[in-house]
There are 2 protein chains.
Amino acid sequence: MGQQYEQLDEETLFIVSQTFKALSDPTRIRILHLLSSGEFSVTEIANRLSLLQSTVSHQLRFLKNLRLVKYRREGTTLYYSHDDEHVLHILEQTIRHARDH
Amino acid sequence: MGQQYEQLDEETLFIVSQTFKALSDPTRIRILHLLSSGEFSVTEIANRLSLLQSTVSHQLRFLKNLRLVKYRREGTTLYYSHDDEHVLHILEQTIRHARDH
DNA sequence: TCAATATATGAATATATGTTCATATAAGTT
DNA sequence: AACTTATATGAACATATATTCATATATTGA
């Protein structure tokens, strides 16, 4: 096996580092992990994870900029859900790996 | 499909965030990506990636603390190589994914 | 032991980042 | 329009982080 080494161009490097940066913060991990099980409003997320509404909102913006989450509106409520299967897969995979010590 | 949601304990959260933090920096990504193709000394890594020896050494220490790399000594030279197949797999997987836009 | 080479380390600095507080915006209801 | 509820935003702050410079350590060979 062993894939071949190929120089990383600036753009790829940027995308990859941004992707992992999104997954490097405990709060964002918790939010994404929660969203892996369904759709939740900002308030619901804050309540379930014992976080301030502002904190959740800021982090959701971060995740939305990277297109890792999306939302739909229902009245004044915004329901957030995940929007990147690949990244979610990597997260869940790593969580399982971490749990096995 | 759809795996079940399960609360993340502190330890798992820490391990997962640390792992992704290691992959969130462009310099560390470049080092790990280079090491995916073989064994290199600190000086070789610095030359190939146009980095200061000190920078490489600091980042290698970071990666070594997380057991993502290891080294063997030959005289005064330390040859570093990767030491975590799982993390390397995730990195290469994400690089390929990023390259497809 | 001295010199040369390879690597590690610590301090300093600049920058990035996460959270909090206060407040703004937006939609719905009366 | 006023009020309520849900969410977003901006500033301020504290902390974390990456890089650089100068220097220390370690190994080898003369």
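Residue numbers start from 1 in every chain, and the chains themselves are labelled A, B, ... in the order their sequence lines are given, proteins ahead of strands.
- For A:Gln53 against D:dA8, a side-chain-to-base donor-acceptor contact under 3.5 Å is present.
- Taking the six-membered ring for Trp and thresholds of 30 and 60 degrees, B:His33 and A:Tyr5 have ring planes inclined between 30 and 60 degrees apart.
- Counting to the nearest Å, the P atom of D:dA26 and the OH atom of B:Tyr71 are 12 Å from each other.
- Using a 4.0 Å cut-off, some side-chain N or O of B:Lys21 falls inside it from OP1 or OP2 of D:dT17.
- Residue B:Thr76 places its side chain closer to C:dT5 than to any other of D:dA22, C:dT5, C:dA27.
- Across C:dT19, D:dA18, D:dT7, the shortest atom-to-atom separation from the side chain of A:Val42 is found for D:dT7.
- Salt-bridge formation is not detected for the pair B:Glu11/A:Arg99: no Lys NZ or Arg NE/NH1/NH2 atom is positioned less than 4.0 Å from an Asp or Glu carboxylate oxygen.
- Both A:Ser54 and A:Asp25 lie close to DNA chain C; mapped to their nearest nucleotides by heavy-atom distance, the more 5′-ward contact belongs to A:Asp25.
- Between the base of C:dT20 and the side chain of A:His58 there is a donor-acceptor pair shorter than 3.5 Å.
- The shortest side-chain heavy-atom distance between A:Leu32 and A:Val69 falls under the 4.5 Å cut-off.
- What separates OH of B:Tyr79 from P of C:dA8 is a distance of 13 Å, to the nearest Å.
- Nearest-nucleotide positions on DNA chain C for A:Leu52 and B:Ser41 put B:Ser41 closer to the 5' end.
- Rounding to whole angstrom units, CZ of residue B:Phe40 and P of C:dT7 are separated by 13 Å.
- Here D:dC21 presents its C1' atom at 16 Å from CG of B:Leu51, a figure rounded to the nearest Å.
- The separation between B:Leu60 atom CG and C:dA8 atom P is 7 Å, rounded to whole Å.
- Between B:Arg61 and C:dA8, a side-chain N or O to OP1/OP2 separation shorter than 4.0 Å is absent.
- Residues B:Leu60 and B:Val56 form a side-chain contact, since some pair of their non-hydrogen atoms from C-beta on lies under 4.5 Å apart.
- Closest to the side chain of B:Arg73, out of D:dA26, D:dT7, C:dT9, is D:dA26.
- A sub-4.0 Å separation between OP1 or OP2 of C:dT7 and a side-chain N or O of B:Thr43 is present.
- Proximity note for A:Thr55 (side chain, C-beta onward) versus D:dT27, D:dT19, C:dT19: the nearest is C:dT19.
- Below 30°, between 30° and 60°, or above 60°: for A:Tyr80 and A:Tyr71 the angle between ring planes is between 30° and 60°, a tilted geometry.
- Computed from coordinates, the A:Gln59 CD to C:dT17 C1' distance equals 9 Å when rounded to whole Å.
- The side chain of B:Tyr80 contributes an N or O atom lying less than 4.0 Å from OP1 or OP2 of C:dA8.
- Atom-to-atom, CZ of B:Phe20 to P of D:dA16 comes out at 21 Å; the value is rounded to the nearest Å.
- Summarising the geometry, the separation between CZ on B:Phe62 and P on C:dA8 is reported as 16 Å, rounded to the nearest angstrom.
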